Amino acid sequence: MSQHRRQSHWDDRYLATGGTTASWFEAEPQLSLDLIELVGATPGDSIIDLGGGASSLTARLQQGGYTDLTVLDVSAQALDTAKQGVERPEEVTWIRADLLAWSPARCWNVWHDRAVFHFLVDPDERRTYR
Ligand SMILES: C[S@@+](CC[C@H](N)C(=O)[O-])C[C@H]1O[C@@H](n2cnc3c(N)ncnc32)[C@H](O)[C@@H]1O
């Protein structure tokens, strides 16, 4: 799938569902929060949520004291919805990009991906992601 098609595909999904009625949406990202704790992350650590969509994970992490938070998504619609749920969106780095054509300019302590990698069905795309 081309970058443009991927962008409009996901924008359409978020426009159609408002984000929060999408099948994958979870009101409380408890498993992700538990896993982040399990790997030993603390509020001093940096976290990126790849393909974060409209998830409330970043909002919850900010409430928990995390200050170095980044969300990347190919869909501007998704990022707009996510921003509305965050108390201090100006303190989060929001990146609209196709992760398959993106070169990270830094490192993060925690790389979080829920339901993004498994959407890549093409082996070349999986290799590029890794
Ligand atoms: C199934 S949703 C999961 C959203 C979120 N992680 C959650 O748990 O609610 C997949 C997300 O990945 C994003 N996405 C898909 N392919 C992407 C790509 N190549 N680059 C960046 N984001 C992508 C979509 O826009 C969508 O927000």
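In each ligand, atom 1 is the first atom listed, and ligand 1 is the first ligand listed. Keep in mind it's a predicted model, so treat the numbers as computed, not measured.
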Distance filter under 4.0 Å to [X] heavy atoms, resulting ligand 1 atoms:
{"X": "Phe119", "value": "1 (C)"}
{"X": "Ala97", "value": "20 (N), 21 (C)"}
{"X": "Asp98", "value": "18 (C), 19 (N), 20 (N)"}
{"X": "Gly53", "value": "27 (O)"}

Notebook entry, point to check: Which of these, Ala76, Ala54, Gly51, has its nearest heavy atom closest to atom 4 (C) of ligand 1?
Noted result: Gly51

Item checked: Nearest candidate to atom 13 (C) of ligand 1, where distance is taken over non-hydrogen atoms, out of Asp49, Leu99, Asp73 ->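 Of the listed residues, Asp73 has the closest heavy atom.
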
Which residue and non-hydrogen atom of the protein lie closest to [atom], and at what distance in Å?
{"atom": "atom 26 (C) of ligand 1", "result": "Tyr14 OH, 3.3 Å"}
{"atom": "atom 14 (N) of ligand 1", "result": "Val74 CG1, 3.9 Å"}
{"atom": "atom 10 (C) of ligand 1", "result": "Ala115 O, 3.3 Å"}
{"atom": "atom 24 (C) of ligand 1", "result": "Trp10 CD2, 3.3 Å"}
{"atom": "atom 7 (C) of ligand 1", "result": "Arg114 NH1, 3.3 Å"}

Is it the side chain, the backbone, both or neither of [X] that has a heavy atom closer than 4.0 Å to ligand 1?
{"X": "Arg13", "answer": "neither"}
{"X": "Val116", "answer": "side chain"}
{"X": "Leu72", "answer": "side chain"}

Honestly curious: do [X] and [Y] fall in one hydrophobic cluster under the side-chain, below-4.5 Å linking rule?
{"X": "Val74", "Y": "Leu79", "result": "no"}
{"X": "Ile48", "Y": "Leu120", "result": "yes"}
{"X": "Trp102", "Y": "Leu100", "result": "yes"}
{"X": "Trp108", "Y": "Ile36", "result": "no"}

Check: Hey, what do you get for NZ (Lys83) to OG1 (Thr58), rounding to the nearest 0.5 Å?
Finding: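 Output value for this atom pair is 12.0 Å.
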
Item checked: ligand 1 contact by Phe25, heavy-atom criterion under 4.0 angstrom ->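 Contact check Phe25 vs ligand 1: negative.
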
Check: Does Ala22 reach ligand 1, in the sense of a heavy atom lying below 4.0 Å from it?
Finding: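 Judged by the 4.0 Å heavy-atom criterion, Ala22 does not count as contacting ligand 1.
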
Margin query: Between Asp11 and Gln7, is there a side-chain donor-acceptor contact under 3.5 Å, judged purely by atom types and distance?
Written below: no

Next item on the list: Would you please say whether a donor-acceptor pair under 3.5 Å links the side chains of Tyr129 and Asp113?
Entry: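 Their side chains do contain a donor-acceptor pair, which is all the 3.5 Å distance test asks for.
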
Note to self: Considering both backbone and side-chain atoms of Ser55, is one of its nitrogen or oxygen atoms within less than 3.5 Å of a nitrogen or oxygen in ligand 1?
What the structure shows: no

For [X] and [Y], work out which heavy atoms get closest and say how close.
{"X": "Leu72", "Y": "Ala97", "value": "CD2-O, 3.6 Å"}
{"X": "Ala82", "Y": "Ala54", "value": "CB-CA, 4.1 Å"}
{"X": "Val71", "Y": "Gly52", "value": "CG1-CA, 4.0 Å"}

Next item on the list: Take the angle between the ring planes of Trp10 and Phe119 and call it parallel below 30°, perpendicular above 60°, tilted in between.
Entry: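 Taking Phe119 first and then Trp10, their aromatic rings stand perpendicular (interplane angle over 60°).
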
